[in-house]
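Below, chains carry the letters A, B, ... as their sequence lines are ordered, and counting in each starts from 1. No experiment lies behind these values; they were computed from the predicted model shown. All heavy atoms count here, side chains included; hydrogens, waters and symmetry mates do not.
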There are 4 protein chains.
Amino acid sequence: MSTAKQPDPARRNERSRQAILDAARELVTEVGYAKVTIEAIAARAGVGKQTIYRWWRSRGAVIFDSFLALSEGAEGLALPDTGDIEADLKTVMRATVAEFADPGFEAPIRALNSEIINDPELAAQYREKLAGPVDEAKKARLRSAQRAGQLAADADLDLALELLYAPLYQRWLHRSGPLTPEYADALVELTLRAFRP
Amino acid sequence: MSTAKQPDPARRNERSRQAILDAARELVTEVGYAKVTIEAIAARAGVGKQTIYRWWRSRGAVIFDSFLALSEGAEGLALPDTGDIEADLKTVMRATVAEFADPGFEAPIRALNSEIINDPELAAQYREKLAGPVDEAKKARLRSAQRAGQLAADADLDLALELLYAPLYQRWLHRSGPLTPEYADALVELTLRAFRP
Amino acid sequence: MSTAKQPDPARRNERSRQAILDAARELVTEVGYAKVTIEAIAARAGVGKQTIYRWWRSRGAVIFDSFLALSEGAEGLALPDTGDIEADLKTVMRATVAEFADPGFEAPIRALNSEIINDPELAAQYREKLAGPVDEAKKARLRSAQRAGQLAADADLDLALELLYAPLYQRWLHRSGPLTPEYADALVELTLRAFRP
Amino acid sequence: MSTAKQPDPARRNERSRQAILDAARELVTEVGYAKVTIEAIAARAGVGKQTIYRWWRSRGAVIFDSFLALSEGAEGLALPDTGDIEADLKTVMRATVAEFADPGFEAPIRALNSEIINDPELAAQYREKLAGPVDEAKKARLRSAQRAGQLAADADLDLALELLYAPLYQRWLHRSGPLTPEYADALVELTLRAFRP
DNA sequence: TTTTAATCGAGACGGTACGTCCGGTCTTGAA
DNA sequence: TTCAAGACCGGACGTACCGTCTCGATTAAAA
C-alpha cells in the first residue's frame, strides 16, 4: 500500500499503521513539519521505531502518507458545471485562493512541496494519488467546455491546467505577490483567451 | 551584506567567507542538498564551526548565499531583441529548457527552491537578488514588445512572466511532464495569445 | 533435560534441539561468546526464536548446554596409573597445558567461565555435569596414591585438586603468565610436597 | 588516563570524567553490573554519550575505570610483619575470606572478573593497576620470610602467591565450596609446606 | 483413524540500547 | 577580536536484539 517497503504479507498490524499516520498528522500541526521526528511519531503512536522503518522509507514518506490518508475519500469529486466555463473556473480558482489563505493549510502544503521537490518517488505518488484525481476532475470540466465550443477542440488540457494553476502555486510558494480573487479571475480570463477556439 | 548576523565589523575574514561559500556549493552538488551539514562545510572549508554560526542564521542561509555569490555578476543582462517577440521568447525559453536538462543544475536549483518555500526571509532575498534582476530584464523585453504593438498596452507584465515561466518550473520541480523545446514554444504561443492587443 | 523449562512433553523436536546446540557452539567459536545472540542462533539453526525461549532460560543456558552436549560421553574416564603419582600427574597436567594452547578451546572455555561466574544455577550444573566426573576420576587416582603411601592418608583431596588446577586456570584466564610444561611440573611438585605423608 | 582512546590533549573536562566514573560506580551497585548501560551512565552523569565514547573503548572499560579510581590511593600498602610468616599470612587470608563474604563486594568483583576473562586489554590493566601493587606488597612480605629462613631461598614467589590465592578465588567464583577461616588457614599451611626451605 | 492440541518456522510487534552524527555553545591558544 | 580546532551537552538517527505475540503448517497424542 502506498509507500510500503519490502517485508509484508497481511501480517501488517492495521492498528499500528493507523496510529502512526494519526500521530504524524497531529505532530505536523503541533510542532511544524521540520521538527517532526520519527522518534516522536513512534512514541506518540505507542509503537516501536522499527515498525515505522519496516513499512516506510523515510520520515518524508510517513508524513506524506499521513496526508494521503486524509484525502482518501476525495475520489468522485466533480467541478461545478453551469455551462459557463469562465464562471465555473472563477468559482473554483477563487476557492483555491481562499484555501491558501487558511493558516492551517500553510504548514502541511509547504511541507508537502518541499518533500516532493527532492524525492522523485514521493513526487510520483503525489501525482498519482493526490494531484491526479483532482486534475482529472478539472480536465473533465474543460472537456465539457470543449464540447460546448468554449475551448479549442485541440487544446492540450494538461497545458491548460498548468497555465491556470502553476502561476497561482508559484506566487503562493514564493510569496512573490498577493493572492486575490481578482488575481484568480485574471488567470482564468487569460487562460481562456489563450485556448479560445 | 546578504544574510549576515549581528557581530559585523570589518574584522571579518574574507578568505574564510569565500572558503565557506565554495565548500557549501561543492557539497550541494556532491552529496545533495538534504545531506549538507554545517559540520561538513566547516571541515571542507578548513574553518571552525563558530565562524559559520557567527555570520549566518542557518544552514539554509549559507547555502542560499553560496548560490547568490555565483550569479553576482549577472546585473546588466539583457534579452535578445530582434523585433520579433515570439521568436525572441522562444529562444530564451528553449535555452531555459536546455539549462534544466543539465544535471549539474539539478541539485542547486532544487535546493534553492526548498529553502525558499520554507523561509520567507530567504524568499525575499531570492526575489531581490536573484529573480528580480532577471525578471526586470525580461520585462524590459516585453515592454519593448508592447511599444511595438505586439502585446496589449495594458498587459500586466508580472502576470505575463508567471504565465510563461511558472508552468515550466512546476513541471520541472514536480517532474510532472517532459520539458521539450516544443513545450517551450507552446508556452510562448499561449502567453502571447493571452496578451494579444 | 539439563536446563529445560516448563512445557516438557516428549513432544519436543529433537532435530531442532540438536540444530540449536550446534548453531550455538559454532557461533561461539566464530564470533566470540559476547556477540552470540539468540536471534543469530535461531537463524543459523533454522528455528523460530520461540523454540529457544520455550526450552531454555537464557542465552547463557543455551550456550552452556551446547558445551555440555559436547562432553557427554566422558563418563567412565580414568587417569593413567603407572604407580608413580608424580609422573602420572605431570603427564595429565602437561596435557592440560597443551590443551589450553589450542586456540579452538579458547573461546568456549572463556565463555563457559563467564557464564559460571555470574549464574549460580549454571555453576551448579557445571560442577555436577562437567567438573564433577572429571574431578572424581582425578581423586580416584589420588586415592590410589594415598593407598600407596605417596600422599598423606588424611589429605583433603578436593583441596589437593584446587592446589593443582586453580593456579593453572587463573593464570590462563587472567593471562597473567606463560603456561609451560615446566609450570605444570612445578605445580605437581609443589602440591605433592604440600601433601607428602 | 588509564583506558583512554585517541583524541585528548589536556582539553579533557575533568568535571565530566569524574561525574562519569561516579555515575558508573553508583549504577553498578544499584542495578547490577549486567544492567548498567552507557546511556544510563551518561544520563546520570549529565553528560553526552559521545563524551563517554570519546574517552573509553567500551562499557566494560568505563566500569573498570570506575573501580580503578576507587582503589587509587592503595599504593603504599604493606602486609603485617610480626616475624611469623604463617601467622601473618593467616591473618591476611582470613581477612580476604571475610571480605568475600561481604555481599557489597560480590557484584563488582564478579563483574570485574567477567570483564577480565574476555578482554585482554582490561586484563593487562587489571594486572598493572590493581593486582600488581597488591601482589608486590605480598611478595615483599614473602621475601622478608625468605630472609628469615622461613621460606626456601629459591622459591618462585609468583607461584607461591598463586598457590595461596588461586584456590580461594576459584572456589568463590565457582561457588564450589565454603570459604571459611579454616580453609584460609589450610591454604597457608599447605603453601608454606610446599615452599619450606 | 480421525481429531485435537501442542510444537514448530517465521517474523511482526513494543521496547531498550546501541554507537554515530550533527546542532549549537563554549573554551583554548595562535594570529 | 577573530579565527581554527575541537570538546561539550543534547537529541535524533537507523540498527540490532530483546522477549512476547500472532500466524498457518506439521505432527504426534488421545479419542
- prompt: Out of curiosity, B/Arg57 CZ to B/Glu121 CD, how far, rounded to the nearest 0.5 Å?
  reply: 4.0 Å
- request: Could you tell me the separation between the OH atom of C/Tyr126 and the CG atom of C/Asp119, rounded to the nearest 0.5 Å?
  value: 14.5 Å
Would you say [X] reaches [N]'s phosphate, i.e. side-chain N/O to OP1/OP2 under 4.0 Å?
X	N	result
D/Ser16	F/dA7	no
C/Trp55	E/dC8	yes
A/Thr51	E/dG14	yes

Rounded off to whole Å, could you give me the [atom1]-to-[atom2] distance for the [X] and [N] pair?
X	N	atom1	atom2	answer
B/Ile52	E/dT25	CD1	P	14 Å
A/Trp56	F/dG14	CH2	P	15 Å
B/Arg59	E/dG24	CZ	P	10 Å
C/Lys35	E/dG19	NZ	C1'	13 Å

query: What pairs with B/Arg175 under salt bridge (Lys or Arg N to Asp or Glu O under 4.0 Å), at least two apart in sequence or on another chain?
result: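 Here the qualifying residues are B/Glu106.
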message: Let's see if you can work this out: which of E/dC13, E/dA17, E/dT20 has an atom nearest to the side-chain heavy atoms of D/Tyr53?
response: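 Of all the options, the side chain of D/Tyr53 is nearest to E/dT20.
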- prompt: D/Arg54 side chain: which of F/dC3, F/dC8, E/dC8 is closest?
  reply: F/dC8
task: Apply side chain to side chain donor-acceptor pair (under 3.5 Å) to B/Ser114 and list each qualifying residue two or more places apart in sequence or on a separate chain.
output: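 By the side chain to side chain donor-acceptor pair (under 3.5 Å) rule, B/Ser114 matches A/Asn118.
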field: Set of residues satisfying side chain to side chain donor-acceptor pair (under 3.5 Å) with respect to B/Ser66, sequence neighbours excluded
entry: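 Testing B/Ser66 for side chain to side chain donor-acceptor pair (under 3.5 Å), a comparison that skips the adjacent residues, returns none.
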- request: List in numerical order all residues of residues 36-46 of chain A for which some heavy atom is under 4.0 Å away from an atom belonging to DNA chain F.
  value: A/Thr37, A/Ile38, A/Glu39
task: If a protein heavy atom is under 4.0 Å from the base, mark B; if only from the sugar-phosphate, S; if neither, -; do that for nucleotides 22-31 of chain F going 5' to 3'.
output: B----B----
State which residues pass side-chain contact (heavy atoms from CB on, under 4.5 Å) with [X]; sequence neighbours excluded, sorted by chain then number.
X	result
B/Pro108	B/Thr29, B/Phe67
D/Asn113	C/Ile117, C/His174, D/Ile109, D/Leu173
D/Ala23	D/Ile41, D/Arg44, D/Ala45
A/Thr37	A/Glu39, A/Ala40

query: Per the atom types in the model, does the base of E/dG15 pair as donor or acceptor with the side chain of A/Lys49 at under 3.5 Å?
result: no
field: Along DNA chain F (nearest heavy atom to each residue), the more 5'-positioned of D/Asn13 and B/Glu14
entry: B/Glu14
